[in-house]
Structure formats: C-alpha cells, structure tokens
*Asks:* 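One structure is given below, represented as structure tokens, and several questions about it will come after.
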Amino acid sequence: MSIPYSGTWEIVVTDSLVTAIHAALLPDKRVIYWHGRYMPVLCGFYTPSNNAVGWDSALDSWPPPDPIHPDYNGNEAPVIFCGGHTFLADGSLIIAGGERTRPYAGYFRGLKYTYRYDGSWTPAGGVDTPHEMADGRWYPSVTRLADGRLIAMSGYKYLGPPTINDVPELYDPDENAQGYGWSAYTASAAHKDIPLYPGNHLIPFGDYAGCILYDLVTWQGTSYDQAHIFVPNPSSDPPVYWIPVAQNHMVPLKAGNSVICTIKPDDTFARILNIGGDHSSTVKMIEIGDGITPEWTNLEPMMHGRMDANAVVLPDGNIMVLGSANMMTPELLITEDPDPHKWEWMELADMTVNREYHSTALLMHSGKVWVGGSRVPTMVSGEFEKDMERRIEIYTPYYMQNATDLANRPVIDSWDDEIAYNNRFDLALSSAKNIDSFVLIGLPSVTHAFNMNQRNISLSFETKDNVNYLITAPLNGNIAPPGIYMLFAVRVKSDSVSGEVKVPSVAVNIKIS
C-alpha cells in the first residue's frame with residue numbers, strides 16, 4: 001500500500017559554518033554537528049525553532065603537553081574526525097577515537113582520545129585524568145549496552161600502517177565503579193578483526209539478548225564474510241566471546257547501511273536490515289531472537305542502487321533512505337504489513353542537494369528529518385577532503401504534508417520525565433485522539449551514514465478515556481538501553497485526511513532506567 005504524499009524539502013541554512021560529517025540530536029532539541037580534522041576543532045549547532053546556526057571552537061587547547069601524553073610529543077591535535085559516538089544514559093554524548101594525522105605518515109591511524117559533550121566539550125574523565133583507549137580507533141563503532149556501559153569495536157590502530165584494532169574495549173561512565181573509564185578485553189579469544197564502522201545492534205530478545213550483533217555493513221571492502229555476535233560477559237568455560245551466525249553468509253557490501261526495525265510490545269525477535277552498499281539496491285534481513293536460527297533473506301530491493309546512503313526510522317515505523325552519488329530521490333520502505341516479504345518501496349520528493357559520502361541525516365523532535373554534510377565534487381583550497389557542503393535541508397514527511405492532518409496532530413500534555421523498566425506511567429493528550437501507538441526513538445547519533453543510537457520501540461498501552469493513557473515502559477535495557485528517548489504519540493491512519501498515513505505528535509523527552 002502506497003502513501004498519498006511524497007513530502008517536501010526546504011533549504012533552511014545556506015551556510016552551516018561547519019560541515020556536518022558527524023551529527024547528533026541533543027536532549028535540548030538542537031542538532032550538534034562537527035568536522036574536526038583541523039585546528040581548531042569546529043563544532044556547529046542547529047536550533048530548529050528558528051533555523052539558527054552557531055559554532056564553538058572549545059577544542060583548541062587540548063591535549064596538554066608532556067608528561068601526561070608522552071607519546072604525542074605535543075604534536076597531535078584533538079582531532080575527532082571519523083570517530084564513533086553514541087549517548088550515555090544521562091544524555092551526554094561520548095565520542096571515541098578519530099583520525100590521527102599528526103605526524104602524518106601518508107596513511108590513516110586512529111586516536112585514543114575520548115571526548116564528552118554535556119553542554120560543553122571536555123575530555124572524558126577530565127583534563128588531568130583523561131579517559132583514553134588502550135589503542136587508537138579510526139572509523140570505530142560504539143554500542144550502548146543494557147547496563148549503560150559502552151563497547152568500542154574496530155577502527156585503525158594508533159601506530160604503524162593501517163591495521164584494524166581487533167581488541168574490544170569496554171567503557172564504564174560510572175565514576176564510582178571500579179572499572180571507571182576504558183578497559184580492554186585482554187583474552188585473545190575476545191579479539192577479532194572486523195571491518196571499519198561495522199553495523200552494530202544490541203540484541204533485545206532470545207538467548208543472545210544483551211549481546212551485540214555485528215552484521216555485514218562495513219565502510220570498506222573486506223574478507224569479513226559472516227555476521228557475528230559479540231558476547232560482552234560470557235558465562236561459558238572457556239569463555240566464548242564470538243559466535244558466527246547466519247551460515248548462509250552473504251558478502252558484505254561497502255558503505256551500506258544497517259537498521260533495526262521497530263520493536264513491538266509482543267515481539268520475541270528482532271529484524272535487522274542491511275541496505276544497499278556498492279551502489280547496490282539489495283535489502284537483506286536477518287531475524288534474531290527466541291527459537292530462531294538466524295539466516296539472511298532477501299527482501300524487495302530498493303528502487304535505486306545506493307552507497308553511503310543514510311537510513312532514518314520514522315515514528316510510524318517506516319524507513320526512509322536518502323543519498324548516494326548523484327541520487328536526488330529518497331525512497332521509503334513501507335513496513336505496515338506484518339510479512340516483511342510484502343513490504344514495498346516508494347519514491348519520495350526529490351532533495352535539493354545531492355548527499356553523498358560524509359553526509360548525515362536524523363529525525364528531530366518535530367517529526368521532520370534534518371540533513372547536512374556531504375562531499376562536493378570540486379576541490380576547495382585548504383580542504384584535504386573537499387567536504388564543504390554546508391547547506392542544511394529539512395524534509396517535512398508525508399505524514400505532515402496535509403494542513404488538516406498537521407493541525408490535528410496529537411499533543412502530549414503531561415507525562416513522566418523519568419520511568420523505570422516494566423513500570424506503568426500516565427500520559428495525557430490535550431484533546432481526544434484515536435491513538436495507534438506510543439513510540440520511543442533513541443536520540444540519533446550518526447556519521448558515515450550509520451546511526452549508532454537509532455532504535456524505535458513501540459510501547460504497550462491502555463486507553464482510559466481517549467485522552468488519558470496508561471503506558472508500560474520497555475521490559476529491560478536489552479530492548480531499550482538506558483538513556484533519553486523521544487516519545488511520540490501516533491494517531492491511527494483512519495483519522496488522517498487520506499486515511500493512509502499515521503500522524504505523529506511532536507516528541508517529548510523521556511528518560512528510561
């Protein structure tokens with residue numbers, strides 16, 4: 001079933017001041033973005049209420065000189081370009097690793113630094129006792145676990161020719177914990193050579209709940225030819241950290257994307273999609289959870305081949321894919337049918353700006369999609385990477401395109417700011433609406449087309465009187481890792497003018513622990 005509208009695009013900023021190669025949505029609804037290859041490290045902020053942009057250069061005086069960092073010899077700038085990042089449970093942003101280009105050796109190596117943004121930029125752990133990883137990581141992925149700790153995986157090492165860091169590292173943000181900061185997995189059985197920017201998803205259900213699936217998404221061509229599960233805390237003797245899954249393999253495609261589909265209240269398994277890569281239109285799905293032997297299956301291919309394309313999960317559960325070389329037409333995977341083999345793709349309205357490598361896209365509280373960054377085809381003096389696309393474009397989705405639907409969006413009037421797992425909480429709307437679902441979406445944190453914090457969770461609820469609702473929080477941190485989420489109320493399709501779109505509210509923040 002198609003939708004009646006294709007949405008609209010608008011350039012809202014012609015000069016974002018900073019190229020948005022990395023971007024994340026802060027709890028205060030601003031988008032933070034940066035391009036940190038040169039000194040000073042420039043960080044931009046987009047404010048959606050007035051389309052204003054600003055920038056900060058706070059990272060111009062760190063790290064300190066010897067002896068705190070004797071191996072840096074005072075030559076290395078705090079470059080956070082091409083690191084991995086996600087949110088902590090308290091809503092602050094953690095950036096692990098990045099590009100080490102000083103002294104430049106003709107190839108890329110990774111930084112050990114960890115930065116934290118919680119209203120200002122600081123080295124995680126503090127200036128005097130900074131948290132550093134045991135080795136560098138350039139193009140790593142970072143995953144938040146069910147207990148709020150993080151796992152960093154892959155990325156090029158600090159020294160020597162480009163060599164993948166095969167040692168996982170665990171980050172504990174609790175300053176009262178014995179393991180505060182980073183700790184590497186020293187057991188050789190935990191070490192594995194997996195590709196740069198691997199697709200990473202915390203598994204919500206089944207025997208592997210709380211473990212991480214590293215799928216077939218990769219930034220680089222690689223011999224890695226099978227999805228694997230990483231077990232952070234194995235109970236086996238001897239401990240087994242890595243479990244290969246999906247024996248039918250399927251070869252990874254360079255610069256594809258990876259998305260976990262909406263997790264519904266009665267689900268006992270999760271569906272994860274690998275989308276495109278190498279300008280392919282292929283879509284592969286793996287199901288993992290109770291009673292399932294994970295295997296890859298092919299779904300309906302996209303209408304266009306894509307590489308370096310962003311994928312954004314929308315409040316209605318559909319998945320928007322945009323970008324790729326010379327590809328101005330986004331498309332939407334409509335996931336309404338319970339049978340994924342019947343899901344279908346449709347084209348959306350053309351973008352104004354072509355978005356390629358180093359572009360970013362994310363969902364905002366308004367339900368609109370923010371898009372920035374991208375490489376441009378002409379060399380600009382002084383820019384090694386030519387990443388100078390500084391226009392910001394906003395997509396108003398199909399569910400906001402009709403004026404009547406927009407005027408009659410649900411409005412969340414009261415709710416609990418913080419909720420505990422598996423507890424119930426009250427929520428009220430400002431007027432009577434027929435609600436299809438209440439949906440949590442993790443604050444997005446995206447770079448190189450991959451969102452390391454994207455998760456859409458539909459909540460169980462009871463209707464009291466069509467204005468007041470009793471909602472049940474997610475069962476545990478495997479389903480929703482602790483942190484701040486956007487909460488959307490979504491109207492039933494029959495209430496829309498067309499009868500074909502679910503209309504979401506503006507989101508409110510809710511903290512889960």
Side-chain angles (χ1 to χ4, degrees), residues 7-25 30-48 51-57 79-83 85 95 98-99 101 139 197 219 254-257 276-277 279 304-312 320-331 348-364 368-396 444-451:
T8 58
W9 290 90
E10 180 185 7
I11 298 288
V12 295
V13 176
T14 56
D15 184 2
S16 61
L17 307 177
V18 181
T19 308
I21 291 173
H22 300 260
L25 181 67
R30 293 182 302 160
V31 178
I32 184 173
Y33 54 94
W34 64 92
H35 174 186
R37 186 170 230 160
Y38 304 104
M39 289 292 284
V41 174
L42 299 180
C43 169
F45 297 90
Y46 169 79
T47 303
N51 292 322
V53 293
W55 62 275
D56 174 36
S57 59
V79 181
I80 56 174
F81 182 73
C82 298
H85 45 89
I95 302 95
E99 180 181 293
T101 58
Y139 279 46
Y197 277 140
W219 178 80
K254 180 179 178 179
N257 211 312
H279 302 292
H304 305 280
R306 297 183 187 270
M307 181 173 178
D308 296 309
N310 284 268
V312 180
M320 178 184 181
V321 179
L322 65 147
S324 191
N326 302 314
M327 177 52 62
M328 305 294 287
T329 306
E331 54 191 306
L348 298 175
D350 284 352
M351 299 183 289
T352 307
V353 180
N354 185 32
R355 304 290 177 172
E356 302 184 26
Y357 181 56
H358 280 171
S359 65
T360 46
L362 53 82
L363 179 72
M364 297 189 295
K368 297 182 179 182
V369 177
W370 182 98
V371 182
S374 181
R375 178 164 291 176
V376 295
T378 57
M379 174 64 80
V380 176
S381 176
E383 282 287 347
F384 177 81
E385 282 287 352
K386 302 182 280 186
D387 296 309
M388 293 293 290
E389 178 51 71
R390 293 187 175 174
R391 287 171 290 180
I392 294 174
E393 192 165 11
I394 300 294
Y395 174 67
T396 299
S445 179
V446 60
T447 186
H448 292 73
F450 187 73
N451 191 330

*Asks:* Determine whether a donor-acceptor pair (N or O, by modelled atom type, separation under 3.5 Å) exists between the side chain of His22 and the backbone of Phe81.
*Replies:* no

*Asks:* Give a yes-or-no answer on whether the side chains of Arg30 and Thr47 include a donor-acceptor pair shorter than 3.5 Å.
*Replies:* no

*Asks:* Return yes if some donor-acceptor pair links the side-chain N/O of Thr19 with the main-chain N/O of Glu389 below 3.5 Å, else return no.
*Replies:*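 Such a contact is absent between Thr19 side chain and Glu389 backbone.
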
*Asks:* Would you compute the distance between atom CE of Met388 and atom CZ of Arg375 and round it to the nearest 0.5 angstrom?
*Replies:* 13.0 Å

*Asks:* Of all residues at least two apart in sequence or in a different chain, which pass the side chain to side chain contact (heavy atoms under 4.5 Å, CB included) check with Ala24?
*Replies:* Ile32, Phe87, Leu93, Ser445

*Asks:* For Ser324, give me all partners under side-chain hydrogen bond (donor to acceptor under 3.5 Å, both in side chains), at least two apart in sequence or on another chain.
*Replies:*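 So Ser324 forms no side-chain hydrogen bond (donor to acceptor under 3.5 Å, both in side chains) with any residue.
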
*Asks:* How long is the gap from CD on Glu356 to CG on Asp308, to the nearest 0.5 Å?
*Replies:* 8.0 Å

*Asks:* Pro444 and Asn451: which non-hydrogen atoms are nearest, and at how many Å?
*Replies:* CB-ND2, 3.1 Å

*Asks:* Out of curiosity, Tyr46 OH to Met364 CE, how far, rounded to the nearest 0.5 Å?
*Replies:* 5.0 Å

*Asks:* Quick one: pull up CG in Leu17 and CD1 in Ile392 and give me the separation to the nearest 0.5 Å.
*Replies:* 8.5 Å

*Asks:* Any donor-acceptor pair under 3.5 Å linking the side chain of Arg306 with the backbone of Gly323?
*Replies:*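 Flag set: sc Arg306 to bb Gly323 pair under 3.5 Å.
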
*Asks:* For the atom pair OG1 (Thr396) and CD (Glu10), what is the distance rounded to the nearest 0.5 Å?
*Replies:*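 The CD atom of Glu10 is 7.0 Å from OG1 of Thr396, to the nearest 0.5 Å.
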
*Asks:* Listed by chain and number, what are the side chain to side chain contact (heavy atoms under 4.5 Å, CB included) partners of Thr329, not counting sequence neighbours?
*Replies:* His304, Met327, Glu347, Asp350

*Asks:* Check whether any side-chain heavy atom of Trp9 lies under 4.5 Å from a side-chain heavy atom of Met328, and answer yes or no.
*Replies:*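 Contact flag for Trp9/Met328 side chains = no.
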
*Asks:* Excluding sequence neighbours, so at least two apart, what forms ring pair (Phe, Tyr, Trp, His ring centres under 6.0 Å) with Tyr197?
*Replies:*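 With neighbours one apart ignored, the set is Tyr139, His448.
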
*Asks:* In chain order, what residues pass the side chain to side chain contact (heavy atoms under 4.5 Å, CB included) check against Ala23, with sequence neighbours excluded?
*Replies:*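 Checked Ala23 against side chain to side chain contact (heavy atoms under 4.5 Å, CB included); matches are Val31, Tyr33, Thr360, Leu362, Trp370, Val446.
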
*Asks:* Identify, with sequence neighbours excluded, every residue that meets side-chain hydrogen bond (donor to acceptor under 3.5 Å, both in side chains) alongside Ser359.
*Replies:*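 Ser359 satisfies side-chain hydrogen bond (donor to acceptor under 3.5 Å, both in side chains) with Asn310 once adjacent residues are dropped.
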
*Asks:* Where is the tightest heavy-atom contact between Thr447 and Gly83, given as atom of each residue plus distance?
*Replies:*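 Minimum heavy-atom contact is CG2-O, 3.9 Å.
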
*Asks:* Can you tell me how far OH of Tyr395 sits from OG1 of Thr8, rounded to the nearest 0.5 angstrom?
*Replies:* 7.5 Å

*Asks:* Please examine the side chains of Cys82 and Trp219, heavy atoms only from C-beta on, and report whether any two atoms are closer than 4.5 Å.
*Replies:*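 Answer no - side chains too far apart.
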
*Asks:* List in chain and number order the residues that pass salt bridge (Lys or Arg N to Asp or Glu O under 4.0 Å) with Glu393, two or more places apart in sequence or in another chain; answer none if no residue qualifies.
*Replies:* none

*Asks:* Short question: side chain of Asn257, backbone of Ala309 - any donor-acceptor pair under 3.5 Å?
*Replies:*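 Confirmed, Asn257 side chain pairs with Ala309 backbone.
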
*Asks:* Mind checking side-chain hydrogen bond (donor to acceptor under 3.5 Å, both in side chains) for His279 and listing every partner two or more places apart, or none if nothing turns up?
*Replies:* none

